[in-house]
Number of protein chains: 2
Amino acid sequence: MADKLFNDTFDLPDINHMNKIVTLKDIAKALNLSISTISKALNDSYEISEDTKKKVLSYAKYHHYSPNRMAKGLKEGKSRSIGVVVCSLENNFVAQMLDGIDSYSSNKSYQIIIMQSKESAQQEIACLDLLYAGGVDGILISPASQTVDFSYLVTLQKAGLPVVLFDRLSDHIDTHKVGADNFRGAYDATVHLIDNGYKNIAHLNTNTILSIATERLNGYKQALYDRNITYRPELLRSCDYSNPKKLHQDLEAAIHYYMSLEVRPDAIFTATDQISTRCLALLNKMGYHVPGDVALIGFTNTDLADALNPALSTVNQPAFEMGQIAASKLISLIEAKIPVTEFETIMLETKVNVRASTQK
Amino acid sequence: MADKLFNDTFDLPDINHMNKIVTLKDIAKALNLSISTISKALNDSYEISEDTKKKVLSYAKYHHYSPNRMAKGLKEGKSRSIGVVVCSLENNFVAQMLDGIDSYSSNKSYQIIIMQSKESAQQEIACLDLLYAGGVDGILISPASQTVDFSYLVTLQKAGLPVVLFDRLSDHIDTHKVGADNFRGAYDATVHLIDNGYKNIAHLNTNTILSIATERLNGYKQALYDRNITYRPELLRSCDYSNPKKLHQDLEAAIHYYMSLEVRPDAIFTATDQISTRCLALLNKMGYHVPGDVALIGFTNTDLADALNPALSTVNQPAFEMGQIAASKLISLIEAKIPVTEFETIMLETKVNVRASTQK
DNA sequence: TATAAAAACGCAAACGATTGCGTGAATCTC
DNA sequence: GAGATTCACGCAATCGTTTGCGTTTTTATA
């Protein structure tokens with residue numbers, strides 16, 4: 001009794017009749033109608049009378065009818081699910097993008113299947129393989145840093161599977177792409193350093209061929225050029241961040257190298273999320289004072305930037321929005337009636353957040 | 001030619017014949033056999049000769065046959081997918097658990113569908129509803145902080161859907177549960193503070209009824225008791241962390257309150273990931289020196305602990321392992337031939353990492 | 001050499017939903 | 001009131017698999 005009362009005041013799906021999953025057949029039997037009538041009624045077909053529709057609808061709602069995903073998918077050749085391939089889940093920036101993807105996809109009632117490439121090209125292909133075989137309707141991918149060959153992705157696309165690139169873009173495949181204005185972000189970060197009096201600015205980048213890396217490098221170079229500072233190639237170092245250990249080694253080596261230079265850098269601009277935060281941790285650990293010994297600004301979306309030691313100046317990317325837009329682009333491809341041949345590349349603006357790590 | 005050479009040296013799935021998805025029917029037609037023969041051959045049935053099996057297998061492999069997930073799922077009444085409900089993706093601790101879940105599930109070739117409750121009980125039910133309707137084979141859930149009623153989950157379970165709780169456990173449902181030894185973690189953290197000379201130890205907890213909160217509170221109390229320190233109720237405050245804004249407000253209020261006390265706390269033990277890191281950020285922002293003014297130790301798995309200001313002492317949970325074990329428990333339930341009635345609760349050990357924030 | 005047994009394969013139903021088409025009844029038209 | 005519409009519904013095929021059972025062919029047994 002108390003239980004019943006409680007449920008009655010509960011403003012949520014009534015689940016008292018959920019003992020067994022109800023199918024069209026069950027409803028048909030119960031209402032003494034045919035399966036097709038039930039189906040059409042639920043799909044609001046003009047072939048069915050209003051009267052019948054009402055009966056069916058109310059029965060269905062009361063018994064929590066929900067179309068079997070498998071059956072529907074089989075029939076329609078669609079699964080209403082999209083595959084998402086990212087480098088790693090354990091990455092705040094990635095998590096924010098996934099959140100964006102999820103928010104848009106959920107609204108459109110698409111399920112998302114997330115897979116991790118762990119920065120390995122081979123692993124990435126394994127993911128794509130699974131997703132393709134798993135029958136996803138489309139793929140959202142932010143390629144692994146080690147990926148050089150996009151032919152597999154192109155093949156999938158040619159096989160009719162819509163693909164959208166996000167965050168890490170590439171020219172090797174023609175499709176919708178959603179990324180950040182990396183050139184501008186890098187440019188702004190570098191200009192910020194220069195305008196704050198830093199002259200020997202090092203740049204720590206990745207060892208990938210992804211455009212994300214070269215765009216940021218170019219932004220850095222352009223800023224130097226525009227401010228009449230000579231680009232010193234020895235201040236450019238790259239790290240392998242395919243795994244944390246390797247990244248740590250490379251970062252340590254890079255910092256040692258920088259500090260052994262005759263003209264040491266007085267600031268470092270780091271190109272990716274992991275590099276930025278790990279670099280700060282390492283500088284602290286190695287006893288260098290930031291920004292006293294060397295200033296630091298980096299691409300990273302961590303919400304802990306202001307809790308870091310010192311508070312870290314960052315270049316922020318609209319991760320959530322990026323995910324949302326990427327998802328919207330993919331779903332538009334999936335639901336397009338005619339094959340899409342005109343693709344667009346969307347660039348979102350980055351934002352420099354100045355904090356203590358770049359204030360002399 | 002160059003292209004062909006390249007593909008030949010590529011140690012990955014050959015995708016040249018991927019133009020069209022091949023089905024059993026296609027293979028049957030091509031080999032002049034019946035559909036059922038193909039199916040049985042691929043499933044290594046004793047009814048099929050070795051000779052035929054070889055032919056079928058090789059044809060299937062060459063043409064990249066992969067069973068249609070929808071059809072198979074429909075036929076078997078299983079989808080080989082599991083639903084995972086977490087509070088948020090944007091949470092390093094959660095990400096680590098998801099990573100663990102993913103690693104185990106992938107190995108067992110289960111897909112995972114991740115959904116976010118955003119700490120809302122209502123949203124959580126919506127997730128469960130979608131997952132149930134979506135036909136997942138089982139559910140892994142770490143309940144929202146606001147969840148007080150587990151009847152929906154129990155109903156799902158009674159309807160035959162295996163459920164496993166992880167991280168945040170509850171007594172309101174009888175099933176496998178995988179969590180950390182929160183009592184011990186809190187106890188150890190508190191003892192650590194006491195042994196380092198702190199006497200007025202505040203405890204910042206959450207406002208949930210989840211056992212995770214009371215266990216940590218009890219660990220804190222027990223440590224005080226064992227060390228002959230009187231428990232001061234005014235040093236216990238709780239925060240609503242259903243959303244970042246609310247958390248920020250509550251935290252700010254709590255800190256103000258603490259600092260207005262006649263006998264200020266000289267250390268704070270925070271009970272969750274978000275509270276720990278945001279509390280540190282806030283203390284910094286409000287101008288309090290850690291650990292000079294107040295020491296801080298908290299439950300958090302952030303890999304940035306040593307980059308924080310100051311490096312943050314933490315209670316670490318084996319998040320990855322927790323995810324793995326939870327997934328294994330769920331899959332064992334899913335694949336059990338007979339209904340399981342004996343459930344177990346697995347407690348994993350936590351580990352205190354001492355850093356600068358608790359060193360006088 | 002009959003006959004029984006085993007081997008190898010095909011037929012057809014089933015999973016749950018959708019949809020074009022056929023059919024009977026009610027309604028309309030002149 | 002006979003013929004033409006319209007309405008409301010059911011039949012059956014289909015999506016791709018799986019699987020019990022029936023059928024044919026081959027091999028073994030008496």
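Throughout, a chain's letter reflects where its sequence line sits, starting with A, and its residues are numbered from 1.
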Once the angle between the rings of F150(A) and H172(A) is folded into 0 to 90°, is it parallel (under 30°), tilted (30 to 60°) or perpendicular (over 60°)?
parallel
note: E76(B), atom CD; dG16(C), atom C1'; distance rounded to Å ~ 15 Å
How do S49(B) and L74(B) order along DNA chain C: which one's closest nucleotide is nearer the 5' end?
S49(B)
Starting at CD1 of I38(A) and ending at P of dT19(C), how long is that distance when rounded to a whole Å?
16 Å
Please report the distance, rounded to the nearest Å, between CG in D26(A) and P in dG16(C).
8 Å
note: D44(B), atom CG; dT19(D), atom P; distance rounded to Å ~ 13 Å
Under the salt bridge (charged side-chain N to carboxylate O under 4.0 Å, His left out) test against E335(B), which residue among K78(B), K108(B), R80(B) passes?
R80(B)
Rounded to the nearest 0.5 Å, what's the gap from CE on M322(B) to CE on M97(B)? Could you check?
6.5 Å
S39(A) side-chain N/O to dT18(C) phosphate OP1/OP2 under 4.0 Å
yes
Taking only Lys NZ, Arg NE, NH1 and NH2, and the carboxylate oxygens of Asp or Glu, determine whether E344(B) and K329(B) approach each other closer than 4.0 Å.
yes
Expressed in angstrom and rounded to an integer, what is the separation of K78(A) atom NZ from dG16(D) atom P?
14 Å
Options dT17(D), dT19(D), dA17(C), nucleotide nearest the side-chain atoms of S36(B)
dT19(D)
Which listed nucleotide (dT18(C), dT17(D), dT18(D)) is nearest to the side chain of N43(B)?
dT18(D)
Under a 4.5 Å cut-off applied to non-hydrogen side-chain atoms, are Y65(A) and L24(A) in contact?
yes
Please confirm whether the shortest side-chain N or O distance from Y65(B) to OP1 or OP2 of dT17(D) is below 4.0 Å.
yes
Solution key, residues 82-90 of chain A side-chain donor-acceptor pairs under 3.5 Å, sequence neighbours excluded:
from   : atom 1 : to     : atom 2 : distance (Å)
S88(A) : OG     : E90(A) : N      : 3.0

Report all interatomic pairs (protein N or O, nucleotide N or O of nucleotides 21-26 of chain D) with separations under 3.5 Å.
from    : atom 1 : to     : atom 2 : distance (Å)
dC21(D) : N4     : E47(B) : OE2    : 2.8

Taking every non-hydrogen atom, the tightest pair across Y132(A) and I21(B)
OH-CG1, 3.3 Å
Contact list for DNA chain D against residues 50-57 of chain A - heavy-atom distance below 4.0 Å
T52(A)
CE of M70(A) versus P of dT18(D): gap in Å, rounded?
14 Å
Spacing between L24(A) atom CG and dA14(C) atom C1', to the nearest angstrom:
15 Å
Taking S106(A) for the side chain and S103(A) for the main chain, is one N or O donor matched with an acceptor at less than 3.5 Å?
no
Check whether any side-chain N or O of S34(B) sits under 4.0 Å from OP1 or OP2 of dG10(C), and answer yes or no.
yes
Does N68(A) make a side-chain N or O approach to OP1 or OP2 of dC15(C) shorter than 4.0 Å?
no
What's the CD1-P distance between I35(B) and dC15(D), to the nearest Å?
9 Å
Selection from dT18(D), dC15(D), dC9(C) that lies nearest to any side-chain heavy atom of K75(A):
dC15(D)
Do the charged groups of K177(B) and D167(B) touch, with an N to O distance under 4.0 Å?
no
Using the side-chain hydrogen bond (donor to acceptor under 3.5 Å, both in side chains) definition, which of the options E124(A), R168(A), E119(A) pairs with T147(A)?
E124(A)
Proximal nucleotide (of dC9(D), dT18(C), dG16(C)) relative to the L33(A) side chain:
dC9(D)
For dC15(D), does either OP1 or OP2 sit under 4.0 Å from a side-chain N or O belonging to K25(B)?
yes
